[in-house]
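Working notes for the structure below.
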2 protein chains.
Amino acid sequence: MLAPSLRARVRAGMIEEIKAVARRHLATDGANLSLRAVARDMGMVSSAIYRYFPSRDDLLTALILEAYNALGDAVEAADAGVDQADLRGRWHAACRAARTWALAHPAEYALLYGSPVPGYAAPDDTVAPAQRPPETLVGILRDGVAAGRIDPPGEDLPEPLRSDVAELAALLAVDLPPALLARGMAGWTQLFGLISFELFGRINRTLPHRDEYFDHQTGLMADLIGLPAT
Amino acid sequence: MLAPSLRARVRAGMIEEIKAVARRHLATDGANLSLRAVARDMGMVSSAIYRYFPSRDDLLTALILEAYNALGDAVEAADAGVDQADLRGRWHAACRAARTWALAHPAEYALLYGSPVPGYAAPDDTVAPAQRPPETLVGILRDGVAAGRIDPPGEDLPEPLRSDVAELAALLAVDLPPALLARGMAGWTQLFGLISFELFGRINRTLPHRDEYFDHQTGLMADLIGLPAT
DNA sequence: CTTCGTCAAGAGCAGTGCTCTCGGTTTTGA
DNA sequence: TCAAAACCGAGAGCACTGCTCTTGACGAAG
């Protein structure tokens, strides 16, 4: 059975079409995705959807997984598109890519980083794709340290915390001074906060030049981390 | 009519009780608050709730408003509890108060800072209470500049951005160098990101000492802002 | 060619927000 | 004081949701 049967092929096509329609509904109606509405849009009856997704949460999970990977692709591609030695340029590119993707897919971003759906618990399949953006940022730090172009922070972390962050560095398989990794995490936290504030509408009115604001804020974190210009 | 009528008093009591029960449901069931469920809990029929709140969104708005003010109270009280000259102590106290409140009221925090409910638009009554925490943080900067204890950042902001932030400073009625206010906003953004990451469960597993991590991260932002110790 | 697995459809259940009507009570004003 | 007005809770009902189960039809495999 190297060649998938006809039935398997149309089944795969149906799954893709359901996800596409659901993604469209997500973009317009927000997070409250209605299975019945998706079924209506496909000229089907709601119960037919259950042949392809055992529950609404499973459909949501599939969309979440795709969204995580789309965001990860965007961030990694942006990072890879800059000269590897240009640490600061890579940082800005990765941050901008995350923001651009979020602005283009606000509902999916809200699905990933908004308040968790009450009954919903993200399965373990999602944790690896979810870590791709922060891993990209940490990779910039790793390259910078390896090239000797980042001066680690002067003082080390106080002890209960130092072990935690060191363990996290081991878990990420990067050899970074804990104090530096902590600053990188501050940058990642800041990036998430920036995008969320902009997307969830708490900053728009007073700041017309949002691109410049974003770049400046991420630049501040690059300063904090110690990323050298060019 | 100085003394409110009996009817008005029981009405006010009913409104309070409905909000209390709704808050309880919010804490257990998450954001999907069911009017019928709170009505059941009160031994009433669902339509009776509509005598007190014209819609579910209005009930949510009332809860949101109370939550904003509770958070604002907590942050302002923490800030006021520290010697006014101890800028860094005030910063840490305000940040910790926000985190403590959020950890104690996760569902309400999610209501305030999570993904916006699709059909829901926050009325204008909520913007003033929503600004209380960031205003408290900015107040620390204002006091520091007034006392000459904060050195403003060396370089100024590039121009399209400088005007925006200067306008924001005027709107907040604080006389701060734009570059400094921008760093303060970075701190506020970071604070929100920190709390959200911790609350929405993206950081817990790998960092057992969360209090220390939080203090360190907010300390990093205090460094960036230039808050002097003691 | 027949059997088996898969499929869409429909009915139905429990739950939701919300509207409307119907009696009963309280407050108000003449 | 007493009728009119305002208010209140209960109930029925509408349109919607996620989800389950059964039924009948169709295509693929033996």
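Owing to the predicted nature of the structure, the values given are computational and were not obtained by experimental measurement. Just so we're on the same page: letters track the sequence lines, and every chain starts at 1. The figures that follow rest on heavy atoms only: side chains count, while hydrogens, waters and symmetry mates do not.
C/dC18 atom P lies 4 Å from atom OH of B/Tyr50, rounded to whole Å. What separates CG of B/Leu60 from C1' of C/dG17 is a distance of 12 Å, to the nearest Å. Rounded to a whole Å, the CG atom of A/Asp57 is 10 Å from the C1' atom of D/dG18. Atom CG in A/Asp58 sits about 13 Å away from atom C1' in D/dC19, given to the nearest Å. Between the CZ atom of A/Arg56 and the P atom of D/dC16 there is a distance of 17 Å, given to the nearest Å. Between the P atom of C/dG15 and the CG atom of A/Leu35 lies a distance of 19 Å, rounded to the nearest Å. The nearest whole Å value for the distance from the CZ atom in A/Arg51 to the P atom in D/dC21 is 12 Å. Here D/dG11 presents its C1' atom at 14 Å from CE of B/Met44, a figure rounded to the nearest Å.
Contact of A/Ser55 with D/dG18 (side chain to base): no donor-acceptor pair of N or O atoms is detected under 3.5 Å. The base of D/dG18 has none of its N or O atoms less than 3.5 Å from a complementary donor or acceptor on the side chain of A/Ser34. Scanning atom types as modelled, one donor and one acceptor separated by under 3.5 angstrom connect the side chain of B/Arg36 and the base of C/dG17.
Judged by distance alone, the side chains of B/Asp58 and B/Thr61 never bring a donor and an acceptor atom under 3.5 Å apart. With no hydrogens or angles considered, a side-chain donor-acceptor pair links A/Ser196 and A/Tyr109 at under 3.5 Å.
Atom CD of B/Glu16 is surrounded by more than 12 heavy atoms from other residues, nucleotides or ligands within 6.0 Å.
Here the CG-NE2 distance, from B/Asp164 to A/His216, works out to 12.0 Å after rounding to the nearest 0.5 Å.
Among D/dG11, C/dG17, D/dC19, the nucleotide with an atom closest to any side-chain atom of B/Val45 is D/dG11.
For the pair A/Tyr213/A/His209, no side-chain contact is recorded, criterion being any heavy-atom separation below 4.5 Å from C-beta on.
Here B/Tyr52 reaches the OP1 or OP2 of D/dG9: one of its side-chain N or O atoms lies under 4.0 Å away.
Remark: nothing in residues 11-23 of chain A comes within less than 4.0 Å of DNA chain D through any heavy atom.
Looking at B/Asp211 and B/Arg96, no side-chain N of the basic residue comes within less than 4.0 Å of a carboxylate O on the acidic one, giving no salt bridge. Ion pairing between B/Arg132 and B/Glu135 fails under the 4.0 Å rule for side-chain N and carboxylate O.
Residue contacts for A/Leu33: at a heavy-atom cut-off of 4.0 Å it reaches the sugar-phosphate backbone alone, with no base atom in range.
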